[in-house]
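Following: one structure in C-alpha cells, then a few remarks.
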Amino acid sequence: MFLICLLRTVLAVSAISVTDIQGAAFQSPLKNEVVHDLRGIVSAKGPRGFWISGPPANDSRVSNGLSVFTKSSSILRQVQVGDEISLSGRVVEYRSYFKPNDLFLTQLSAPSSVKVLSSDNAISPVVLGVDRSPPTQQLSALDVTGDLDGYLSVPNNQSELEVSNSTLLPELYGLDFWESLEGQLVMVKKPAALNYPTRFKELWVHGDWPVTGKNKRGGLTVTFGPDGYPDANPEAILIGKPLDGTRNPPVAIGTELSDIVGVVTYQYSYYQILPLTAPSVVSTPEYTMPVTSLVSRDDPCELTMADYNVENMGPRSHHMSNIAEHIVESLGLPDLLFLQEIQDDSGASNDGTVSANLTLTRLANAISDASGGVHYQFVNVDPKNNEDGGQPGGNIRVAYLYRPDRVRLLPGSPAGEALDASKPFLDSTNNVALSFNPGRIDPANDVWVEARKPLAVAWQTATGDRFYTADVHFSSKRGSTSTHGNARTPVNGRVDVRGGQANVTASFIKDILDLDPTASIVVAGDFNEYTQTRSVYTGLSQVMHDIDEISGIQPVERYTYIYDQNTQQIDHIFVSDAIKDRGTEIEHVHVNNWAPSVKDRASDHDPSVFRVRVCDADARPVTSGYAVQVPYALDVLSRLFRHLLW
Ligand SMILES: *[C@@H]1O[C@H](CO)[C@@H](O)[C@H](O)[C@H]1NC(C)=O
Ligand SMILES: *[C@@H]1O[C@H](CO)[C@@H](O)[C@H](O)[C@H]1NC(C)=O
Ligand SMILES: *[C@@H]1O[C@H](CO)[C@@H](O)[C@H](O)[C@H]1NC(C)=O
Ligand SMILES: *[C@@H]1O[C@H](CO)[C@@H](O)[C@H](O)[C@H]1NC(C)=O
Ligand SMILES: *[C@@H]1O[C@H](CO)[C@@H](O)[C@H](O)[C@H]1NC(C)=O
C-alpha cells in the first residue's frame with residue numbers, strides 16, 4: 001500500500017512517459033501498472049487501436065513508440081494521426097493464449113481519459129539504414145552462449161528470452177534491435193523481397209541497409225558469419241498487413257518495392273512492420289527457366305546426376321509434366337536421377353496401395369515424350385503401408401531414374417523388400433557388392449520410424465566399373481518454432497532424429513569404405529537440414545565430402561529452398577574421397593524458387609545437377625606428361641574392350 005501511494009505521488013510529480021513504459025529490456029518495468037496523463041503524438045491508426053510517439057530517450061535501447069489497444073469506436077474516431085493526446089491506461093505485456101512461444105508485446109490497454117491537446121503535429125519516422133540499422137549476424141545473445149552452431153545449436157530451447165528478460169543489446173542482436181523499436185514509426189527504403197508472400201500476404205524484406213549472405217537473385221542465404229557462427233539473417237523483417245486495409249502486392253525473391261512507412265510490432269510469432277499503406281512493385285526479376293551447363297559427354301566414366309524432391313508426385317499429379325520438362329530442358333537428361341517424394345500408384349488415396357510402378361512409369365513416359373524418346377528405367381523399394389511418414393496414404397519414397405545406355409544395376413543380388421537390410425560384402429571378384437540391390441539401409445533401425453528409409457544401389461558403368469549410391473529423405477522439421485520466438489535456441493523439429501539418420505547412413509558408407517577405401521560413393525537427397533547445423537553431419541563428414549564445398553560453390557549460392565527470411569540448402573550431395581579426388585562439379589538449378597509465384601512452381605525444392613567421375617582407374621593425373629598418359633591410354637583401351645563385352 002505504501003509503495004503504491006509512493007508511486008502515485010511520484011506519478012503526480014513527474015508524469016510517466018512512453019520511454020518509461022518501454023524501458024531498456026524486453027518487458028516493461030511498469031508491467032500491470034495503471035498510468036495517467038501519458039502524452040504522445042498519434043503516429044498511426046489501425047482497426048484495433050493506435051500508436052503514439054513520446055519524447056525520445058537518449059538511449060537507443062529504449063523505444064519512444066507504444067501500441068494502444070482499443071476496439072472503442074468512439075476513441076478510434078476521436079484521435080487522428082498527428083494529434084497530440086493525453087490518456088490513461090494499463091501497461092500490459094500481451095501474447096496470444098494460442099501462441100505460448102511468442103514474445104510479449106508491450107501495450108497500453110483499456111485507454112481512458114483521452115484528450116486531444118493539439119492537432120496536425122508532424123511526426124517523422126526513424127529511417128532504417130540512416131538513423132538505425134539492424135545487426136546482420138545473430139538474433140539473440142542466448143543463441144551464442146553454447147557451441148559454435150549459434151542459433152542452430154542442439155539441444156534447442158535451453159533458455160527463454162522472456163524469462164531472461166535481458167537488457168537489450170540492439171547493436172549486436174536482431175531481436176533486441178527490433179524490440180528497441182517496438183511501437184515506433186519507421187521507414188524502410190528500397191525494400192527488396194526475400195521470399196514469396198506468406199499465407200497471410202505478409203512479405204519478408206530487407207531495406208536499404210547493410211546485409212550479409214545476399215545471393216545473386218536477391219535472397220539472404222544461411223551461411224557462416226565472420227565469427228564462425230551460422231548467420232541468422234536478423235536484418236530481415238516481415239511486412240505485415242497494411243493498416244489502411246490495402247493489400248500487399250504479390251512478390252518473389254528479388255522483387256523491389258516502393259518505400260514503406262509503418263509501425264514496428266510483434267504478432268503471429270514474428271517482429272513485423274505494419275505499413276500505413278501497401279507498397280507497390282518497382283521492379284520484378286526476370287524469369288527465364290534456368291538450364292544446367294553440366295551435360296553428359298561421351299566418356300562412360302563421367303556421369304551427370306541430379307537430385308530432385310518432386311513434392312508428393314502421384315501418377316495423376318498435374319505437376320508431373322512440369323517436372324518432366326525440367327528434367328529434359330533444365331537438367332539436361334542426366335544419366336542418373338535421385339528423386340524424393342514419389343507417391344504410390346493411387347497417389348494420396350489411403351487404400352493400401354504401396355507400389356509406385358505406375359507413378360514412375362508415367363514419369364519415365366512423360367520424359368520420353370518431352371525429349372523425343374529418351375528412355376529411363378526406374379528402381380525403388382515399396383515401403384510398408386503408411387510406415388514411412390508423409391501424407392497418409394501417399395507412401396512417399398525415394399527412387400532412382402537411370403539411363404540404361406549409361407548405367408545399370410550391378411547384377412547378382414536380389415532386390416530387397418521393405419524390411420531387408422542391404423549390407424556391403426566382397427564378392428568372388430574381390431569387389432564390393434550389396435546383399436540386396438536395390439536395398440534399404442538398416443530399415444528396422446529406430447531412427448527410421450515414420451521416415452523414408454534410404455535406398456542403396458550398386459551400379460556399373462558401361463566400362464564395368466562399379467559405384468555406389470544412397471538416396472535419402474530425412475525426417476522433416478515439423479514442430480519447429482519461429483526464429484523470432486521465446487525458445488532459444490529455436491526448436492528445430494526432430495533435429496535429433498535427423499542426426500541419428502545421418503549417423504546410420506554414415507555407418508553404411510563406412511562399411512563400404514572398410515571393404516574398399518577407394519570406392520566411388522554418392523549420397524544425395526533431401527536431408528531437411530542445413531550443413532550449418534554441423535552436429536547433424538558430424539558422422540557423415542568423417543567419411544564423405546559436401547560436393548558444394550569441394551566444387552567451390554560460393555556459400556551464398558548454396559540453396560535449394562526458401563523458408564521464412566532464409567534461402568537455404570536442405571538438399572545435399574556427399575561424395576567419397578575417390579570421387580572428390582577426380583574433381584567434381586555441381587549446379588543448383590533454380591527452376592522453382594526463381595519462379596514468379598508459388599503457383600508457377602512444380603515443387604518447393606530446386607533440383608541440383610552434378611557431374612562426377614566414377615571409374616577406378618580414372619583418377620585425374622596429378623602431373624601431366626607422357627609417363628601418366630601411357631597407362632591412362634592403355635586403361636581406356638581395356639575399358640573400351642569391356643564395354644564391347646557388355
Ligand atoms: C524486465 O527487465 C526490466 C529491466 O531490467 C525490469 O524493470 C522488469 O521488471 C523485468 N520484468 C520481468 C517480468 O522480469
Ligand atoms: C546522451 O548519453 C550520452 C552517454 O550515454 C551522454 O554522453 C550525452 O551527454 C547524453 N546526451 C544528452 C543530450 O543527454
Ligand atoms: C521450452 O522450455 C520451457 C521450459 O522447459 C518449456 O516450458 C517450453 O514449453 C519450451 N518451449 C517449447 C517451444 O518447446
Ligand atoms: C512393379 O515392377 C516390378 C519390376 O518391374 C515388378 O516386379 C512388380 O511386380 C511390379 N509391381 C506391381 C504392383 O505391379
Ligand atoms: C552421431 O555420431 C556422432 C559421432 O560421430 C555423435 O557425436 C553424435 O552424438 C551422433 N548423433 C546422434 C543423434 O546419434
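The basis for the numbers below is simple: all heavy atoms, side chains too, and nothing from hydrogens, waters or symmetry mates. We count ligands from 1, going down the list as the structure has it; atoms in each ligand are counted the same way.
By the 3.5 Å distance cut-off applied to N or O atoms, Asn157 is counted among the residues near ligand 3. Any N or O atom pair closer than 3.5 Å counts here, and Lys31 shares no such pair with ligand 1.
For ligand 3, the atoms lying closer than 4.0 Å to a non-hydrogen atom of Thr481 are 13 (C). Remark: ligand 1 atoms within the under-4.0 Å shell around heavy atoms of Pro29 are 7 (O). Which parts of ligand 3 touch Asn101 is read off a 4.0 Å heavy-atom cut-off, strictly below it: atoms 13 (C).
Relative orientation of the Tyr270 and Trp204 rings is perpendicular, given thresholds of 30° and 60° on the angle between their planes.
In this structure, Lys477 is positioned above the aromatic face of Tyr530, its NZ or CZ under 6.0 Å from the six-membered ring centre and within 45° of the axis. In this structure, Arg95 is positioned above the aromatic face of Phe104, its NZ or CZ under 6.0 Å from the six-membered ring centre and within 45° of the axis.
Asp176 places a side-chain N or O within donor-acceptor distance of the main-chain N or O of Leu169, the cut-off being under 3.5 Å.
Every residue two or more places apart in sequence or in another chain was checked for a side chain to side chain contact (heavy atoms under 4.5 Å, CB included) with Tyr97, and none qualifies. In this structure Thr265 satisfies the side chain to side chain contact (heavy atoms under 4.5 Å, CB included) test together with Leu105, Gln267, Gln272, Leu274, sequence neighbours excluded. For Ala470, the side chain to side chain contact (heavy atoms under 4.5 Å, CB included) partners are Ile441, Val523, not counting sequence neighbours.
Side-chain atoms of Thr489 and Asn157, non-hydrogen and from C-beta on, never get closer than 4.5 Å to each other.
For Tyr537 and His572, the ring centers are positioned less than 6.0 Å apart.
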Could you list each N/O atom of ligand 5 together with any protein N/O atom closer than 3.5 Å, one pair per line with the distance?
from	atom 1	to	atom 2	distance (Å)
ligand 5	2 (O)	Asn503	OD1	3.1
ligand 5	2 (O)	Asn503	ND2	2.3
ligand 5	11 (N)	Asn503	ND2	2.9
ligand 5	14 (O)	Asn503	ND2	3.3

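With a 4.0 Å heavy-atom cut-off, ligand 1 is reached by the side chain of Ala25 but not by its N, CA, C or O.
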